[in-house]
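Note that the coordinates shown come from a computational prediction; the quantities given were computed from them, not determined experimentally. Quick note on labels: first sequence line is chain A, next is B, and so on, each numbered from 1.
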Amino acid sequence: RDEAALLAALARRPMAGFDLKPLYRVLAAAGQSQASTRDAREEKGGRPGPPEPLPVPAGDVKLAAYLLDPVRNRYHLVDLARQFLGVEVEEGPADRPADPACRTPALLGRDAALCARLRPAIEAEIAARGLERVYREIELPLVPVLAAMEVAGIAVDREQLERLGRQFAARSEELAQRIYELAGETFNINSTQQLGQVLFERLKLPVVKKTKTGYSTDAEVLEALAAEHPIAELVLEYRSLAKLRGTYVEGLAEHIGPDGRIHTTFQQTVAATGRLSSTQPNLQNIPIRDEPGRSLRRAFVAAPGHRLVAADYSQIELRVLAHYSGDRALHEAFAHGQDVHARTASEIFGVPLEQVTPEQRRVAKAVNFGLAYGQTDFGLARALRIGRAEAKRFMERYFERYPGVKRYMEETIRRARQTGEVTTLFGRRRPIPEIRHRVPHIRQNAERVAINTPIQGSAADIMKLAMIRVHGALLREGLSARIVLQVHDELIVEAPEDEVPRVAALLRREMEGAYRLDVPLVVEVKAGVNWYEMEEMNG
DNA sequence: GGATCAGCGA
DNA sequence: ACGTCGCTGATCCC
């Protein structure tokens with residue numbers, strides 16, 4: 001009653017504050033329940049009008065502080081007060097939202113006052129550092145979008161999840177028994193310590209790699225040991241099933257709400273590059289590469305009468321690289337809609353595009369990927385399991401054929417060394433003080449960060465803009481479809497069946513048009529009743 | 001509670 | 001030293 005009126009009043013007026021997304025989440029949830037009662041009332045009276053969109057926040061000092069220094073591990077009001085106002089205070093409700101004890105009128109008022117004093121100070125710094133656009137045009141407008149996504153959540157088929165859990169458990173049990181037989185004793189396979197004793201002391205297998213504290217038993221090691229002893233392969237499969245059961249089946253089930261949906265939290269001030277992250281649970285790392293992990297995606301479903309529509313940017317990071325570097329060959333590949341990995345294979349192996357073999361393409365793909373991360377010949381050699389000299393030849397060939405890319409990378413490092421930071425397309429900044437470090441491996445690590453951040457960060461800028469556009473367009477066009485997930489280069493929308501064609505077209509239009517690069521942005525759209533089986537909707 | 005190891009995604 | 005950015009679970013030790 002009073003609360004509903006208060007929320008309605010808040011929802012009408014742009015607000016400034018500290019970490020507004022949780023409040024927006026409350027407002028979005030209130031708006032949603034209001035809309036559903038209104039729809040029920042108007043059931044006989046024709047179509048309901050579009051819902052009132054929440055206003056873009058007028059300011060958020062936490063977001064501003066993140067843009068000023070995206071590498072910090074926290075953005076507490078007390079730290080900002082010290083840094084920008086020179087005042088020393090104890091933590092209040094803004095910094096301890098989970099602690100009801102500090103939610104006193106005095107401290108609530110104090111935090112509000114701190115916030116009000118901080119805003120002009122921090123926003124002046126935002127303007128001075130050229131961060132006005134990324135702040136006003138990206139991060140602030142994104143707040144209501146993320147809040148709406150979190151409130152929407154994604155529907156999960158608990159039965160399906162549990163069915164998979166039972167399958168994983170049965171196979172897991174089978175593997176454990178065979179592992180104990182081969183080991184000659186039972187032990188905790190999940191314990192790296194105990195597993196190390198079994199493999200390297202009891203079975204006397206060769207030690208290929210060590211960790212700080214003992215034997216390494218990671219997948220790379222076990223794959224090498226597979227040639228020596230049959231236990232290794234069994235442990236590998238056991239491990240992957242243990243991962244699926246613990247992290248995904250049980251971990252996800254705990255987060256299914258009374259509405260049958262999982263409502264993740266998108267973190268907007270965590271990733272140093274400007275990406276979002278997802279927690280409680282993380283829905284940005286649901287398995288896809290291999291079965292049976294991939295089958296978990298069958299448990300992510302559309303509500304009855306709905307479909308999931310997934311739209312992903314094709315090769316967005318390489319397109320950003322093409323844009324930044326101006327490299328002719330890379331431009332040409334994208335301008336002509338070529339398969340870039342095949343094109344790269346054709347360049348480095350010196351064969352016509354049509355004669356590229358799958359193996360050559362696989363190698364080229366690894367080179368293309370590694371590039372954006374500043375991978376070395378050593379790393380490429382390990383990834384492809386080839387010799388270092390051969391890897392070095394591939395990389396040299398690559399840079400011969402894409403000289404613009406080489407120039408761009410050298411220039412990026414040079415500028416980073418000069419300024420101590422790198423920036424993205426939208427002017428997002430990341431300081432990299434280590435780029436001048438005298439210890440080579442620290443400096444080289446900084447150089448990789450300098451190469452990767454503008455690429456990953458610009459792709460993040462583009463995706464965030466696209467999310468704002470898609471959310472706005474869905475509301476404007478009076479569609480009921482809603483964005484439910486973002487996975488870095490992919491958006492998942494839940495749409496009523498009859499809206500699917502319009503939503504697919506809208507996603508393509510708004511995502512491809514989010515930003516104008518020197519090469520086209522291309523979006524691939526798929527739809528289905530769950531996140532596993534999706535049919536392409538291109539054309 | 002925190003460090004370490006491991007493994008999932010883009 | 002060797003690939004960027006994240007998050008979570010299990011174990012082990014404090």
Subject >> A/R430 side-chain proximity, nearest of B/dA6, C/dT11, C/dC5 >> reply: C/dC5
Original post:
Heavy atoms under 4.0 Å, any strand shown: does A/A460 hit a base, just sugar-phosphate, or nothing?
Top reply: nothing
Original post:
Across the strands shown, which category fits A/I288 at heavy-atom distances under 4.0 angstrom: base, sugar-phosphate, nothing?
Top reply: sugar-phosphate
Subject >> Heavy-atom pair of closest approach, residues A/T264 and A/T279 >> reply: OG1-O, 3.0 Å
Original post:
What is the nucleic acid contact for A/E490, judged by heavy atoms within less than 4.0 Å: base, sugar-phosphate only, or nothing?
Top reply: nothing
Original post:
Counting only side-chain N and O atoms of A/T279, is one of them less than 4.0 Å from OP1 or OP2 of C/dC7?
Top reply: no
Subject >> Length of the CE-C1' vector between A/M409 and C/dT4, whole Å >> reply: 12 Å
Original post:
Under 4.0 angstrom, heavy atoms only, what part of the nucleic acid is A/Q456 near: base, sugar-phosphate, or nothing?
Top reply: base
Original post:
Does A/N445 place a side-chain N or O at less than 4.0 Å from the phosphate oxygens OP1/OP2 of C/dT4?
Top reply: yes
Subject >> C/dT11 OP1/OP2 closer than 4.0 Å to side-chain N/O of A/T192 >> reply: no
**OP:** Report the nucleotide, chosen from C/dG6, C/dA1, B/dG7, that has the shortest atom-to-atom distance to any side-chain atom of A/R388.
**Re:** C/dA1
**OP:** Side chain of A/T211 only, please: which of C/dG3, C/dC7, B/dA6 is the nearest?
**Re:** B/dA6
**OP:** Answer yes or no: does a side-chain N or O of A/T247 lie under 4.0 Å from OP1 or OP2 of C/dC7?
**Re:** no
**OP:** For B/dA3 and C/dG3, measure between their P atoms and round to the nearest Å.
**Re:** 26 Å
Subject >> Polar side-chain contact A/N285-B/dC8 base: donor and acceptor under 3.5 Å >> reply: yes
Subject >> Rounded distance in Å - CG (A/N282) to P (C/dT8) >> reply: 6 Å
**OP:** Name the orientation class of the two ring planes belonging to A/F369 and A/H341 (parallel below 30°, tilted from 30 to 60°, perpendicular beyond 60°).
**Re:** tilted
Original post:
Between A/F426 and A/Y515, does the ring centre distance come in under 6.0 Å?
Top reply: yes
Original post:
In whole angstroms, how far is the P atom of B/dG9 from the OH atom of A/Y248?
Top reply: 6 Å
Original post:
A/S278 near the nucleic acid: base, sugar-phosphate alone, or nothing, with a heavy-atom cut-off under 4.0 Å?
Top reply: sugar-phosphate
Subject >> Length of the line joining A/L384:CG and C/dC2:P, which is rounded to integer Å >> reply: 18 Å
Original post:
With the threshold set at 4.0 Å, does a side-chain nitrogen-carboxylate oxygen contact exist between A/R393 and A/E396?
Top reply: no
Subject >> Candidate nucleotides C/dT8, C/dC13, C/dA1, ranked by approach to the side chain of A/K243 - the nearest >> reply: C/dT8
Subject >> Side chain of A/Q444 (C-beta onward), nearest among C/dC5, C/dA1, B/dA6 >> reply: C/dA1
Original post:
Would you say a side-chain N or O of A/Q194 is under 4.0 Å from OP1 or OP2 of C/dC12?
Top reply: yes
Original post:
Are A/E535 and A/R307 within salt-bridge range, i.e. N to O under 4.0 Å?
Top reply: no
**OP:** Rounded to the nearest angstrom, tell me the gap between atom NE2 in A/H488 and atom C1' in C/dC5.
**Re:** 8 Å
Subject >> Note: A/R407-A/E410 ion pair, threshold 4.0 Å (strictly below) >> reply: no
Subject >> Phosphate-side-chain proximity, A/T217 and B/dA6, N/O vs OP1/OP2 below 4.0 Å >> reply: yes
Subject >> C/dC2 and B/dA6, which share atom name P, separated by this distance in whole Å >> reply: 15 Å
Original post:
With respect to the phosphate group of B/dC8, does any side-chain polar atom (N or O) of A/R289 fall under 4.0 Å of OP1 or OP2?
Top reply: no
Subject >> Nucleotide C/dA10, atom C1' - distance to OH of A/Y238 in whole Å >> reply: 10 Å
**OP:** Figure out the NZ/P separation between A/K212 and B/dC5, and round it to whole Å.
**Re:** 6 Å
Original post:
In whole angstrom, what separates A/F168's CZ from B/dC8's P?
Top reply: 12 Å
Subject >> Which nucleotide in B/dC8, C/dG3, B/dC5 has an atom nearest any side-chain atom of A/R448 >> reply: C/dG3
Original post:
Is A/R72 salt-bridged to A/D79, going by a charged N under 4.0 Å from an acidic O?
Top reply: no
Original post:
With a 4.0 Å cut-off on heavy atoms, is A/A381 in touch with a base, just the backbone sugar-phosphate, or nothing at all?
Top reply: nothing
**OP:** Could you tell me whether the side chain of A/R275 has a donor or acceptor atom within less than 3.5 Å of a complementary atom in the base of B/dA10?
**Re:** yes
Original post:
According to a strict under-4.0 Å criterion, is A/R239 in side-chain N/O contact with OP1 or OP2 of B/dC5?
Top reply: no
Original post:
Taking NZ, NE, NH1 and NH2 as the nitrogens, is one of them in A/E223 or A/R239 under 4.0 Å from a carboxylate oxygen of the other?
Top reply: no
Original post:
What nucleic acid atoms does A/L380 come within less than 4.0 Å of, heavy atoms only: base, sugar-phosphate, or nothing?
Top reply: nothing
Original post:
Any idea which of C/dG3, B/dG7, C/dC5 is nearest the A/T273 side chain?
Top reply: C/dC5
